[in-house]
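Note sheet for the following structure.
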Amino acid sequence: MEPKISEKAWNPELEKKILRQWEEEKIYDFTPQEDNYTIDTPPPYPSGRPWHIGAAAHYSQIDMIARTARMAGKNVYFPIGIDRNGLPVELYTEKKHKIRMRETERGEFLNLCREALDDLEAEMILIMKSLGISGDFAHYYRTDSKEYRALTQSTFIELWKKGQVYLANRPNNYDWVSGTTIADAEIMYEDLATKLVYMKFRIKDTDKEIIIASTRPELLCACRTIIVNPDDERYSEYIGNKIIVPITNAEVELRTHHSAQQEFGSGAVMVCSYGDQNDVALFRELELEEIVAIGLDGRMTEVAGEYAGLKPKQARTKIIEDLETGGLLDKVEDIVHRTPVSERSKTPIEIIPMEEYYLKQKDAVEKIKKLGQEITFHPSMHKQILMNWLESINIDWPISRRRYYGTEIPIWYCKDCSEPHVPEPGKYYRPWEEKCPISNCTKCNSTEFVGEERTFDTWMDSSVSPLFISKFNRDDEFFNKVYPASIRPQAKDIVRTWLYYTLLRCEQLTGEKPWSEAWIMGYGLDEKGMKMSKSKGNAIDPLPVIEKLGADTFRFWSASEINHGYDFRCNEQKIESTKKFLSKLWNVSRFLSSFPVIESGKLSASDEWILAELDKLVKECKKGYDVYNFFIPAIAIREFTWNVFAAHYIEMVKARAYGIEFSDEERDGAIFTLHKTLSTILKLLAPIAPFITEHLWKELYSKDSIHKEKQVIPENKEDKSNITKEISEFNSKVWNEKKSHNLSLKDSIKIDIPESLSEFKKDLKSMHNLE
RNA sequence: GGGCUCAUAGUCCAGGUCGGUUAUGACGUCGCCCUUACACGGCGAAGAUCCGGGGUUCAAAUCCCCGUGGGCCCA
C-alpha cells in the first residue's frame, strides 16, 4: 500500500501556503456575539533590531491562548497592536541620524521617528505573521494613531475634570550643558575624581560630635536628616537625637535606615535634596520636605545663604574653607566616585525639583487591591508582584514628560494669567503647534494662549489598551459586548507598570476591572541564563531562525521548553533539535496515510490499552490548556506520541494493520485505533503547532480546517499505565536479547510472554516474530 | 540598597505543596543496527556531591535557617 503522504519529512516551506489559505478563508475572523473571549494583546514596542527572540516566543504563546480558547468553543477577539510612543525610538532616531532631539525642529524630528517606527514595525508584523499568529492583522492599531491618542487625551481630560490631576514639584535629572531634563535611560555612570569631605556635626544638648562624610558639602543647607545603619552600634544611643548641621546650624534628626553603609566614610550619611538618586528615594520614603538648593540657572539659591549665586563647584570649595576656619572640618580625602553623567554632554547631572503633572493613585490603592483579588492570575504566584507593588506605592503617578514622541498633554495656558485650559474630549490635539480651540480665557477673558509642550508618560497610552480595543466611547454596542476583556497576557517584567496602570486607569474610567484573567510569562534569557542585549552580543534574531526551521518548530520549542511563568533560556541548537519531533509526527502520519480512515472496528486488548493511554493524555493536556500552560500538553504529547504510540503500539499492530495473519475484523480494529489516536493527537497539538497539524488533518481527515474543530474531551477511562510499563519492559527485553545474540530485529526468537501480558500475545508475537 | 524569583548530568527540563523504590524526559555524546512510517530513524550505553553550609527527622532534591550565584522590577 502506497502512503498518501509521500514526502519523508515536514517541510516548513508548506507554512507559507497554509498561511495564505488561512488568510483567504478568513478562518480567524471575529464577529461580536453575546459571549466573546477578548484578548488584551500586548502591543509590542519597536525599539530596535533585532526583535527579541523571547518576545517572539511570548507572542507564539499568546496565539496558543487564542487557539485554545477557540477550540474550547469561545468566540475569540484577538486584536493586534503596535506600541509606538516613547523614549526608545527617540534615542534610536538620534543615533541613527546623528542628531539631537532638542536641536532638531519638532515636526521634523517626529517625522524621522515615525519613519524609524514604520521600518521596525514592518519587521515585527512580518515575524508575528510568520509565526502563525491568528490575530486581526487587517485592523491592527497603533498607539500613536490619531484615534488612539485621542482616546489617551480624552481619558486625561475626563480625569482632569474630575480633579484627579494636579501639578507638583518632582526631582528631575538635569543636564546643565544641554539645558534640559533627561530621562533615566540617558544617564550613564563614570568614575570621577572628587573630594570626600569629613564634617563635624554636633549632637544637640551634648558635647559629642558625629563625623559625616559627603562629596557634596555645598548641599549642607538642604540637609533634612542624618541616617545610620540600624546595625551600627557606634550610633545606637543617639538615634532620635537632634543633630546640629554645621554652617547652617539647622537641627535635623538622626535616624536609622538600611541604605546607610557602615563601611562608607563614618557610616553616618547626610540626606539632602538632592545629592543623588538615593536621596530622592529617602525624601520620598521618609516624607521629608525638600529644600531647593540649586536653581534652574545652575546656581545656589537663597537658601544657601552667603553661598547663594555661586555655582555648586565654587560653593563646595568655599564651604570647605569655611568649615576648616570654623574648626568643623575633620579631614578631606581624594576619592574616585561613581558619578551619574549625562550621556550626551558627559557632565555630571544635578537632580532638581521641577513642576510636573501627577495623576492621583494613592487613594485608589485599596480599590485596586480588591480588583486584583478578583482577577485570576496564571500562574497564581505572579499575583504577588502586583500585591507587593501596591503595598509600596507612596507617591502619585508623575505623568508628564519633557519629550517629543508621545501623546501631547492637551492643555493651553492663558498668556496673560497662566490659567490652564483643557479642550473638549473626543479629538486629537497637538498644543505645541495648534491654535487653542478655546476662544477666551475663562478667568481673565484674554484671547492669547500658549500650548503645553510636554507629552505623557507612555504608560498613559498603553494603560487604556482594553478600552481602545473595545471601542470605548466610540461604539457603545461593541464596547458592551467585548468589555471587560477575558484575559491580559503579558510579560512578568511589566506587571508593576502595564498591568497595574491598566487596572488603575480602567477602574477610574469604567469602575470595572479590565479583564478577569491575567496571564504572566517569564523572561527570555540567553543560553547561559544572562540577559540578552545587543551590546553583549548575545541577542538572537528570531527571523532567520523562523525562516530556516519554520514557525511550528519554533512554537513547539517555545511550548516544550518554557515552563509557564518562569524565565527561560534561548538556544538556537535546542530550537533546531525540536524539529525532530515534528518529523516523527509527520512520519507517523505518513505511515497511517497508507490505511483508509474507518469509523469502527473490533478492538483488541492492545487497542483498548492505547485508547486508555490516549484518554489519559487528553486529560493531562486539558489540565494544561485549562490554565493556558502549554508546557504541560507539549511535554505530554511528545512523550505519548514518541515513546508510547510510535515506539510500542504502532510496532505491535503493524502486521495486524496490514492484515497479515489477522482477520479483517481484527485488522479494522487496528486501523480504526491508529486513526483515532492520530487524529486526537493532531487536535491536541493544534494550538501549539497550527501548521503541521492543519496540513496533516487536511491530508488525512477533512477538507475543513483543524482550527474549526472542538477540543477533545476526556472520557475518564480506566488508567492502564501499568500495562504501558510492562509492555515497554517486555519489548526492551526482547530487543536486548536479540541484540546480545546478534540477531536482526526481524529474526525469530523464543521468549515467553509474561502472564500479565497474555491478552497482547498475538500482537506481541507478530511484532517480535516470537516462536 | 529593597522586593520577588530561580539554582537538579555537557545543555535544557520533570519531581518539590503532601519528606520514603533505582531522581523523569529531551538535546548532545558514544556504540551497534538501513527491521517494508521515519537514519530528521531504531536499539543500547555512559553521564547528577539534586549550588554551598547548617538544622529538623528513623529518613531530605523535597521542610527550616544562613550563605553564594543568575534573572526581573523598584531605588
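Just so it is clear: chains get the letters A, B, ... in the order the sequence lines come, proteins before strands, and each one is counted from 1.
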key: Among B:G44, B:C12, B:A37, the one nearest A:Phe591 by side-chain distance   = B:A37

request  = Taking only the side-chain heavy atoms of A:Ala281 (C-beta and beyond), determine which of B:A75, B:G41, B:G3 contains the nearest atom.
outcome  = B:A75

note = Checking B:C6, B:C12, B:U35 against the side chain of A:Tyr566 (C-beta onward), the nearest is B:C6

request  = May I ask you to verify whether the side chain of A:Lys8 and the base of B:C38 hold a donor-acceptor pair under 3.5 Å?
outcome  = no

key: A:Leu592 vs A:Asn731, nearer the 5' end of RNA chain B by closest nucleotide   = A:Leu592

inquiry  = Tell me whether A:Arg224 is salt-bridged to A:Glu290, with the criterion being a basic N under 4.0 Å from an acidic carboxylate O.
reply    = no

remark   = Rounded to the nearest 0.5 Å, the CD1 atom of A:Ile692 sits from the CG atom of A:Leu585 at a distance of 5.0 Å

task = Take atom P in B:A26 and the same atom in B:A14, then report the distance between them in whole Å.
result = 15 Å

ask   = Expressed in whole Å, how much space separates the P atoms belonging to B:C27 and B:G41?
value = 8 Å

message = Would you compute the distance between atom CD1 of A:Ile562 and atom CH2 of A:Trp557 and round it to the nearest 0.5 angstrom?
response = 4.5 Å

query = What's the closest nucleotide to the A:Lys739 side chain, out of B:G28, B:A26, B:C32?
reply = B:C32

note = Out of B:A14, B:C40, B:C4, minimum distance to the side chain of A:Asn563 belongs to B:A14

query = Any side-chain N or O of A:Lys738 less than 4.0 Å from the OP1 or OP2 oxygen of B:C43?
reply = no

request  = May I ask you to test the A:Phe640-A:Thr677 pair for a side-chain heavy-atom distance under 4.5 Å?
outcome  = yes

request  = Identify whether NZ of Lys or CZ of Arg in A:Lys654 sits under 6.0 Å from the centre of the six-membered ring of A:Phe591 and within 45° of that ring's axis.
outcome  = yes

task = Tell me whether the OP1 or OP2 atom of B:A45 has a side-chain N or O from A:Asn736 closer than 4.0 Å.
result = no

key: A:Lys492 (side chain) and B:C72 (base): donor-acceptor pair under 3.5 Å   = no

query = Hey, is the side chain of A:Glu651 pairing donor to acceptor with the base of B:A37 inside 3.5 Å?
reply = yes

request  = Treat a base pair as Watson-Crick or G-U wobble with both distances under 3.5 Å, then lay out RNA chain B in dot-bracket form, 5' to 3', with | for cross-strand pairs.
outcome  = (((((((..(((.......[....))).(((((.......))))).....(((((..]....)))))))))))).

message = For B:C40, does the base pair up with any side-chain atom of A:Ser583 as donor and acceptor (N or O, under 3.5 Å, distance only)?
response = yes

key: Cationic N near anionic O, under 4.0 Å, A:Lys698 to A:Glu694   = yes

key: Backbone N/O of A:Ile351 and side chain of A:Asn173: donor-acceptor pair under 3.5 Å   = no

message = Can you tell me if A:Ser732 touches the phosphate of B:G44, counting only side-chain N or O atoms and a distance under 4.0 Å to OP1 or OP2?
response = yes

query = Does a distance-only test, which skips hydrogens and angles, find a donor-acceptor pair under 3.5 Å between the side chain of A:Arg496 and the base of B:C74?
reply = no

